2 protein chains.
Amino acid sequence: MQNEIKLTRKEQIITTAELLFKEKGYMATTMRDIARCEGVEAASLYSHIKSKDEILITICFRMAEHFEMAMAEVNDIYFNAEEKLRMAIKNHVNIIASDLNASAVFLKEWRHLPEPELGEFISRRHEFKIILQQGIDENVFDDVDKKFAVLTILSTVSWIVEWYKPGGVMNPDEISEKLSDFILTGLKKKILN
Amino acid sequence: MQNEIKLTRKEQIITTAELLFKEKGYMATTMRDIARCEGVEAASLYSHIKSKDEILITICFRMAEHFEMAMAEVNDIYFNAEEKLRMAIKNHVNIIASDLNASAVFLKEWRHLPEPELGEFISRRHEFKIILQQGIDENVFDDVDKKFAVLTILSTVSWIVEWYKPGGVMNPDEISEKLSDFILTGLKKKILN
DNA sequence: CCTACCGATCGGTAGG
DNA sequence: CCTACCGATCGGTAGG
């Protein structure tokens, strides 16, 4: 079995869709837009994919798995709350930075998933937040502070897709470090007082 | 001239559109959806508004003015960097908390503005970020830190529209205070080291 | 992968 | 504010 250098046609279509869904949004992107980028007629796409929905489902659930696996790793390996928090942030930032288009679609277009996938997506997302929150739970931080810290982390990390450019002023590690410092310094201050 | 208790029909339509645009997105909301909520036929909407575009333009530019006015106030009245930062955060949070639907549309649906309004919106948004950054500029904070702080503030404040519920665990003032503390403690730590 | 095409639905108009 | 309607475009299928 030889190494595939080129993506399959289906993967090419998905990659193109990731770019267009990010740029214009899912609803504003037509199958004809995708076809034009691929250099074929819209009807030809349907030999490789079942529907427009299917593309969105594939993108969103793939990314969900990446984030869930990273979270599982954090909870398996690292022990104290600070290390867990730092590692969770770092993993999140790295996933997003290494696949900006798919991440943007995952973060911003999931609500256009059809049922029953939408329901499944929302409940997995909820489960994920609970795991993240429990992950840093050692009765070390105040409850409300911790909740707020988690929300701040998720918001900042998600926002990265809006401004991060590879080769910019900050690389992913620097972003992770700065964010960790902000959050952890903020949390610790309360303890020391 | 008596006080208007009821909104004009046009304002009712815009208010309904804010809710639907937030809930489903601009592209996924049809004029027939809006009409159904208003209890009229789609065609009837056009006696009060010119087009679907016009509704989005109204929502986005109204909110832009609110944010710009709040920012102008901060730069006119408050003097040191810390006070400015705290006030900017507080004003942002208050504007969003007091008009969640319109804020969500402003933050997430602006890219569907038609030209030339889209171009104007983007350049005003850019100008706004520069003002915010210069507002807290006193050569007190490190440049990269400050830039990151501004991005973190904007991201957290914007994210509020995703989870804030009136009457929840945190009220707007508590949110502003916690966020200010996080950011300022993070910035100060660097200075003291 | 293409040509040809379809039913549904969109934003919007005419005319009252 | 309604009925009636339109041109455009959508996601998708048939058949090769």
Side-chain angles (χ1 to χ4, degrees), chain A residues 4 6-61 105 108-118 121, chain B residues 4 6-61 105 108-118 121:
Chain A
E4 294 274 331
K6 284 186 160 284
L7 298 171
T8 63
R9 195 81 231 224
K10 182 167 179 173
E11 285 305 318
Q12 275 184 46
I13 292 167
I14 292 171
T15 304
T16 298
E18 286 168 353
L19 175 67
L20 292 173
F21 290 173
K22 181 200 172 170
E23 221 85 308
K24 311 173 55 166
Y26 176 75
M27 291 299 291
T29 302
T30 68
M31 294 306 281
R32 283 157 178 88
D33 289 333
I34 298 172
R36 199 178 311 118
C37 286
E38 293 285 304
V40 296
E41 292 300 316
S44 305
L45 297 172
Y46 290 91
S47 346
H48 302 98
I49 51 111
K50 282 201 287 275
S51 65
K52 192 186 175 190
D53 282 346
E54 191 208 30
I55 301 177
L56 183 63
I57 293 168
T58 303
I59 298 170
C60 288
F61 281 83
V105 175
K108 296 172 67 182
E109 305 298 326
W110 58 268
R111 64 175 161 175
H112 298 113
L113 287 166
E115 293 292 1
E117 283 82 2
L118 178 60
F121 186 90
Chain B
E4 293 276 328
K6 285 184 159 286
L7 298 171
T8 64
R9 196 80 231 224
K10 182 169 181 173
E11 285 305 317
Q12 273 184 49
I13 292 168
I14 292 172
T15 303
T16 298
E18 286 169 351
L19 175 66
L20 292 173
F21 290 173
K22 182 201 172 171
E23 222 84 309
K24 312 174 53 165
Y26 175 76
M27 291 298 291
T29 302
T30 69
M31 294 306 281
R32 284 158 177 86
D33 290 333
I34 298 172
R36 199 178 311 117
C37 286
E38 293 285 305
V40 296
E41 292 300 316
S44 306
L45 297 172
Y46 291 90
S47 345
H48 303 96
I49 52 110
K50 281 200 288 273
S51 65
K52 193 186 175 189
D53 283 346
E54 189 209 30
I55 301 176
L56 184 64
I57 293 169
T58 303
I59 298 170
C60 288
F61 281 83
V105 175
K108 298 172 65 180
E109 305 297 327
W110 58 266
R111 63 176 160 176
H112 298 113
L113 287 166
E115 293 290 0
E117 283 82 2
L118 179 60
F121 186 89

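In what follows, chains carry the letters A, B, and so on, assigned in the order in which the sequence lines appear, proteins first and then strands, with residues in each chain numbered from 1. For clarity, every value in this text was computed on a predicted model and none was experimentally measured.
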(message) Within the 4.5 Å heavy-atom criterion, are A:Thr15 and A:Gln12 side-chain neighbours or not?
(response) no
(request) Please give the nucleotide sitting opposite C:dG7 as a Watson-Crick or G-U wobble pair, both distances under 3.5 Å, or none. (result) D:dC10
(request) Would you mind pulling out the nucleotide paired to D:dG15, Watson-Crick or G-U wobble, both distances under 3.5 Å? (result) C:dC2
(request) For the residue pair B:Phe21 and B:Tyr26, categorise the inter-ring angle as parallel (less than 30°), tilted (30 to 60°) or perpendicular (more than 60°). (result) perpendicular
(request) Compare side-chain N and O positions of B:Arg32 against OP1 and OP2 of C:dG12 and report whether any pair is under 4.0 Å apart. (result) no
(request) Figure out the CZ/C1' separation between A:Phe21 and D:dG11, and round it to whole Å. (result) 12 Å
(request) Starting from P on C:dG15, measure out to OH on B:Tyr46 and report it in whole angstrom. (result) 18 Å
(message) Side-chain N or O of A:Ser47 versus OP1/OP2 of C:dC1: is the shortest distance under 4.0 Å?
(response) no
(request) Give the rounded distance in Å between these two atoms: NZ of A:Lys52 and P of D:dT9. (result) 15 Å
(message) Ignoring hydrogens, what is the shortest heavy-atom contact between B:Arg111 and A:Lys24? Give both atom names and the distance.
(response) NH1-C, 3.9 Å
(request) Evaluate the side-chain proximity of A:Val40 to A:Arg9: yes if any heavy-atom separation is below 4.5 Å, no if none is. (result) yes
(request) Among D:dG12, C:dC10, D:dC1, find the nucleotide with the atom closest to the side chain of B:Thr30. (result) C:dC10
